[in-house]
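Given the structure is predicted, the values throughout are model-derived calculations rather than measurements. Computation of the quantities below employed the complete heavy-atom set of this structure, encompassing side-chain atoms and omitting hydrogens, waters and symmetry-equivalent molecules. A, B, ... follow the sequence lines: proteins, then strands. Residue 1 opens every chain.
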Amino acid sequence: MSDILKYLNEPQREAVTTIEGPVMVIAGAGSGKTRALTHRIAYMIEQGINPFSIMALTFTNKAAKEMKERIMQLVEPGAARNVWMGTFHSIFARILRIEAANLGYTSEFTIYDTDDSKTLINAILKEREIDTKAYPAKYILHRISMAKSALYTPEDYCENAEIQEQDRRANKPLIGEIFKTYNSRLKRANAMDFDDILFNTNVLLRDFPDILLKYQRHFEYILVDEYQDTNYAQYLIIKRIAAMRENICVVGDDAQSIYGFRGANIQNILNFKIDYPEQRLIRLEQNYRSTKTIVKAANSVIANNKDQIKKNVWSDKEEGELITLLRATSDNEEGTLVANSIFGYKMSRQLANKDFVILYRTNAQSRSLEEALRKQDIPYKIYGGLSFYDRKEVKDLLAYFRVVINPNDEQALLRIINYPARGIGDTTKQKLQVIADERKCTVWDVLKSLNEQSTEFNMGTVTKLSNFVTMIQSFQTQLDKMNAFELAKHITETVGIIKVLKEDESPDGVMRVQNIEELLNAIQEFSDKQVDEVTGEQMTVNLAKFMEDVALLTDQDQKEEENADYVTLMTIHSAKGLEFPYVYIVGLEENLFPGIQSLSTREDLEEERRLFYVALTRAETKLILSYAESRYRWGNITLSEPSRFIEEIDPELIERTKKASFRGTTIKEDRSYNPFSGRGAWTFSGDKRYEQPRHSERSEESAKHYPKASPSDFIPVDAEEIEAGMRVLHQKFGQGTVVKVEGIGPNKKASVDFDESGNKMLMLKFAKLSILKQ
DNA sequence: GATTGTGCCCTTTTT
DNA sequence: GGGCACAATC
């Protein structure tokens, strides 16, 4: 038997060897899904299949990279390298660059990130004199993104009665029009946003049969990982390319679908059976990762979901330890408890920092944890948050590169035309855009056409603008003469970014200079790494090549230092696919996890529960859950109740009221955090969580700490006065009827049916309501 | 046209 | 607590 098949269980082996025809693998958490996938690809290569004909789509770049590395260990590395492996976005961006001309783009098209898109939306709103408060860019973008993921053009969007009705109800009937302008601006800038990559790929495969045929022939075998997280656009791409041979293998777990909010569609899993009636369905149910206790806990939680494909995930490992529940009085204390707990386990069990991960729902929660870890001298690393490529100075420099490669890239152009300051102000920028609109050309075209006879601007401005154009053009001539690093360095120096940044000697300023240097290093490293896929020779790469990749990189993709030993902090979303011996899940509180926004519909709550399921199943050996009874949010203290998810775990699996004692270790307890450190700090408790008086007792007192902002023309009433049945007025949502009131004190919530915008769940502490009728 | 100050929102999650 | 948009001031 082939070595590749040796250490697989029966269903895994079936998943690996069933190469021909449609296969769907439903893989429970920890069931060796990645193993099955990598071995499958290795097996295919071993069977003589050309690696070039295999396309393997992953959810993140990181997953692709890791998978490639694992395949390289199984087969000849050169062969593994040739597999088309990457995210949907990176693979199809690559294909779109090849075929760009067919769709009216050039292959140098820019990929706008969310930030660029937002700026563009705001610019459009401003031009049209639409109130940005009534039309938040983020909301508009979300609507547009959903539309594009479902393959609606702006025209479809405007003509669709249901969508229009939704927008009318939300009081935002202009979104369709904004969508139109937004798309035409992108096109003008020779740019695509993330969703366009998938959208345009679909257009390409739909409207150009010869191109479709080309890729159908090319990609003889298709694999899709994390299939439950694909959206409609992705689903259709796969369906189109796979149509010829139907050698398609999708791997997923409906219980781990956590990206519904961005258009992922579990329906894709169900459709598979319909699209490919002769599918082989393989279930991987044995969990190799976690103890029985952890698997049982996860199963008991997910059983509360109605929408799920039934499966029986089980573990052959030992029972393992019970789950520990930490109760803290505040978020800071939660941090201290967690840090102390980690310290204790490290000492008493000889563990390394990297054995631990702390998972939370939102990035904002990392702060108190960081502080506590720092005090305890535990090295840690935070994932997510502001990524390197999102830093202002990095984006500024990248914007120069973008303009050099694609001068029509308007967002980049406007970003740098006056940075570093060269006396080109907002008025000039506005004027340039207006002229571009009038002439139906790009801002860059306008700039190029300027000369001494131009009457639109005064002489001084024309000179400044011309100098800018000349500078960019001089960079452009170097594009193919210098390699990526040389040109990047040349631009950085000529433009004087470092010089400007060095004037700021604050720690932040120093940091910024370092970031620029790091970016240049990254470019050099990238250049060094480019190896000819056939000959293995090193190739020289130009800046454009580097920029192709950069837009799709995220923080997740940054290189890891080998052997580094630190505790990991990350959101649950970014922990998907990872595993750790000791897992802390913190902030298990109502309105945080599950988040308040997920409480209104069953579907949202179920997605939240799947998220909790993902968190639980990251653990190999030990789970520690925690919640805080109060927490700083938006700068003031909020009281919270323990999450309902805690109750959903089979209570027998949770350790009851156990005193934490890590004998023989010194635990630095920081008393400054917690005036009551004798009380809650070391009580590991599970059973007194639902004591009712606790809340009411405290809520009255704390209510005083929440002064209400009251604009003169609007008199909000105290939350206590709101009752079901009242007619109320909200500044943003207008009039409505209170349907239901729940919660006590600062946690009091009201479900209000607004005449215009429908049903909303409001935290009364924040929502300003005035009573119209008792 | 640039810099500083003020008030307002807000918090999911990511390619 | 913080980031962002807009206003006020140099």
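- Legend: residues meeting side-chain hydrogen bond (donor to acceptor under 3.5 Å, both in side chains) with A/Asn265, ordered by chain and number and at least two apart, are absent.
- For A/Ala137, the side-chain contact (heavy atoms from CB on, under 4.5 Å) test picks out A/Lys118, A/Ile121, A/Asn122, with sequence neighbours left out.
- Taking atom CD of residue A/Glu603 and atom P of nucleotide B/dT13, one finds them 22 Å apart after rounding to whole Å.
- Computed from coordinates, the A/Asp116 CG to B/dT14 P distance equals 18 Å when rounded to whole Å.
- Using a 4.0 Å heavy-atom distance criterion, A/Ser598 is classed as making no nucleic acid contact.
- Considering only the side chain of A/Thr114, B/dT15 comes nearest among B/dT15, B/dT14, B/dT11.
- In terms of the ring pair (Phe, Tyr, Trp, His ring centres under 6.0 Å) criterion, A/Tyr182 has no residue partners (sequence neighbours excluded).
- Rounded to whole Å, the distance from OH on A/Tyr383 to P on B/dT14 is 14 Å.
- C/dC6 atom P lies 12 Å from atom CD of A/Glu129, rounded to whole Å.
- Remark: A/Arg143 engages A/Tyr157, A/Gln166, A/Asp167 in a side-chain hydrogen bond (donor to acceptor under 3.5 Å, both in side chains) (not counting sequence neighbours).
- Looking at heavy-atom distances under 4.0 Å, A/Lys138 makes contact with sugar-phosphate atoms alone, never a base.
- For A/Phe261, the listed nucleotide lying nearest its side chain is B/dT13; candidates were B/dT14, B/dT13, C/dC6.
- Between A/Thr428 and B/dG1 there is a side-chain N or O to OP1 or OP2 distance below 4.0 Å.
- Taking the P atom of each, C/dC4 and B/dT13 are spaced 15 Å apart, rounded to whole Å.
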What N/O pairs connect the protein and nucleotides 2-7 of chain B at under 3.5 Å? Give each pair on its own line.
from, atom 1, to, atom 2, distance (Å)
B/dA2, OP1, A/Asn418, ND2, 3.0

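- For the pair A/Lys381 and A/Tyr383, the cation sits on the ring face: its NZ or CZ lies under 6.0 Å from the ring centre, inside 45° of the axis.
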Can you give me the N/O atom pairs linking the protein to nucleotides 1-5 of chain C at distances under 3.5 Å, or say none if there are none?
from, atom 1, to, atom 2, distance (Å)
C/dG1, O6, A/Trp634, O, 3.3

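- The separation between A/Lys118 atom NZ and B/dT14 atom C1' is 13 Å, rounded to whole Å.
- Protein atom NZ of A/Lys148 is 14 Å distant from nucleotide atom C1' of B/dT15, rounded to whole Å.
- In terms of the side-chain contact (heavy atoms from CB on, under 4.5 Å) criterion, residue partners of A/Thr461 (sequence neighbours excluded) are, by chain and number, A/Thr428, A/Phe457, A/Asn458, A/Leu465.
- A/Tyr105 carries A/Lys187 over the face of its six-membered ring, with the cationic atom under 6.0 Å from the centre and within 45° of the normal.
- Using a 4.0 Å heavy-atom cutoff across all strands shown, A/Ser90 reaches no nucleic acid atom at all.
- Nucleic acid contact for A/Phe59: sugar-phosphate only, since backbone atoms but no base atoms lie under 4.0 Å from a heavy atom of the residue.
- Within the structure, a side-chain polar atom (N or O) of A/Thr571 is placed less than 4.0 Å from OP1 or OP2 of B/dT14.
- Separating the CD1 atom of A/Ile572 from the P atom of B/dT13 is a distance of 11 Å, rounded to the nearest angstrom.
- Ring centers of A/Phe59 and A/Tyr259: under 6.0 Å apart, within the cut-off.
- In this view, A/Tyr139 satisfies the ring pair (Phe, Tyr, Trp, His ring centres under 6.0 Å) rule with no residue, not counting sequence neighbours.
- Here B/dT13 presents its P atom at 14 Å from NE2 of A/His142, a figure rounded to the nearest Å.
- Between the side-chain ring of A/Tyr259 and the base of B/dT14, no stacking contact exists by the 5.5 Å and 30° definition.
- Side-chain proximity of A/Lys126 to B/dT11, C/dC6, B/dT14: nearest is C/dC6.
- For A/Gln430, the side-chain contact (heavy atoms from CB on, under 4.5 Å) criterion is met by no residue, not counting sequence neighbours.
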